[in-house]
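In the text below, chain A, chain B and the rest are named by the order of the sequence lines, each starting its count at 1.
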Amino acid sequence: MPELPEVETVRRRLAPFLEGRTIAMAEVDDARLVRPEDPAAVAARLGGARIVGLGRRGKYLLVHLDDTSTLAVHLRMTGNLLVGADTVPAHRRAVLHLDDGSRVDYTDLRRFGTWQLLEGAPELAEFLDARLGAEPLDPDFDAGTLRRAFAGRRAPVKALLLDQRLVAGVGNIYADEALHAARIHPETPAGAVTRPALARLATAVRDVLEIGIAAQGATLRDYRTPEGGYGSMQERFQVFDRTGEPCPHCGAAIVKTRVAGRGTHLCPRCQRRPRA
DNA sequence: CGCCCTGTTGGGGA
DNA sequence: ATCCCCAACAGGGC
């Protein structure tokens with residue numbers, strides 16, 4: 001489910017239903033969800049709280065409460081938040097009952113997702129700052145941001161792009177897409193990426209994330225239209241999950257390799273491996 | 001039918 | 001600094 005565009009889509013979809021509402025009761029059925037804290041204690045804390053707003057930082061969805069605490073929700077691989085379901089959805093791990101009688105269901109097939117309750121703005125800031133670097137959609141995100149983050153580093157540029165402490169919110173799909181758009185081989189040592197390439201990459205990261213948001217997260221692998229199709233051509237990726245298909249830019253066959261422990265898709269003609 | 005491999009993320013240990 | 005493994009489960013390929 002996640003990747004930044006999907007989290008942002010969930011935030012925008014839920015906000016009208018949640019903002020201003022009071023949580024009448026919360027149920028947390030999965031002990032791991034809020035570890036290391038006690039699920040019952042967190043549920044009790046949520047009960048009676050009013051939701052003043054929904055935010056996002058990186059891939060964290062932030063549920064701001066009127067007692068200055070914030071519930072930081074991370075959906076990891078398969079988490080999702082649903083409103084208005086008329087039956088209990090599969091793999092439900094937690095529920096928020098709102099004061100208007102509606103329900104928010106949290107589902108998570110693989111149970112990697114987390115709910116972290118943070119007390120007050122300083123604790124929230126400390127939590128986020130320890131984990132997240134630059135926001136790629138902020139106006140000041142540019143080539144200089146990447147140059148400072150990559151300086152002197154020899155790890156593959158894709159590995160650093162995926163490091164949330166450097167750039168917040170880039171996942172495996174959008175890393176492949178951004179590197180392809182910027183014509184950078186994913187195994188290029190990060191510190192060796194040229195200045196012009198860094199400028200292309202900064203633009204590409206922002207562009208692919210904004211395209212994903214504009215498509216309302218409809219870019220995921222398992223997304224299908226109600227008729228079972230893929231939707232418009234623009235909703236498909238350029239390289240991700242397109243092994244063997246022609247590169248939209250040059251026509252060469254997309255190849256799949258492994259970089260930073262993750263499946264990696266690239267065009268061998270557009271993204272030349274730099275020689276040492 | 002069963003086995004093996006893969007995976008949209010992040011944390012911890014080597 | 002970098003790399004590997006793991007969490008828990010489903011789905012696809014063979």
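Using a 4.0 Å heavy-atom cutoff across all strands shown, G263(A) reaches sugar-phosphate atoms only and no base atom. The residue G171(A) sits close only to the backbone: its heavy atoms come under 4.0 Å of sugar-phosphate atoms, none of a base.
At a cut-off of 3.5 angstrom, counting only N and O atoms as typed in the model, there is no donor on one side facing an acceptor on the other between the side-chain of R131(A) and the base of dG10(B). Side chain R111(A) to base dA8(C): no donor-acceptor pair is found below 3.5 Å.
More than 12 heavy atoms of other shown residues, nucleotides or ligands fall within 6.0 angstrom of atom CZ in F127(A).
For R165(A) and dG10(B), the CZ to C1' distance is 10 Å, given to the nearest whole Å. Here dG10(B) presents its C1' atom at 7 Å from NE2 of H74(A), a figure rounded to the nearest Å. We find that CZ of R93(A) is positioned 9 Å from C1' of dC9(C), with the value rounded to whole Å. Rounded to whole Å, the distance from CZ on F150(A) to P on dA1(C) is 14 Å.
Under the Watson-Crick or G-U wobble criterion, with both distances below 3.5 Å, dG12(C) is paired with dC4(B).
Between the side-chain ring of F112(A) and the base of dA7(C), a stacking contact exists by the 5.5 Å and 30° definition.
Proximity of R153(A) to the phosphate of dT2(C): a side-chain N or O atom is located under 4.0 Å from OP1 or OP2. Side-chain N/O atoms of K59(A) include one lying less than 4.0 angstrom from OP1 or OP2 on dG10(B). Close to dA7(C), at under 4.0 Å from its OP1 or OP2, lies no side-chain N or O of R32(A). Contact between the side-chain N/O atoms of R258(A) and the OP1/OP2 oxygens of dG7(B) is found at a separation under 4.0 Å. Listed pair K158(A) / dT2(C) fails the phosphate criterion, with no side-chain N or O lying under 4.0 Å from OP1 or OP2.
Under 4.0 Å is where a charged nitrogen must lie from a carboxylate oxygen, and between R103(A) and E27(A) no such pair does. Contact check on D99(A) versus R50(A) returns no salt bridge, with no Lys/Arg side-chain nitrogen under 4.0 Å from an Asp/Glu carboxylate oxygen.
Residue H91(A) has its side chain nearest to dA10(C) when only dT8(B), dT2(C), dA10(C) are considered. Between dG7(B), dC9(C), dG11(B), one nucleotide has an atom nearer to the side chain of L109(A) than all others, and that is dC9(C).
A donor-acceptor pair under 3.5 Å is absent between the side-chain atoms of D176(A) and the main chain of F240(A), judged by distance alone.
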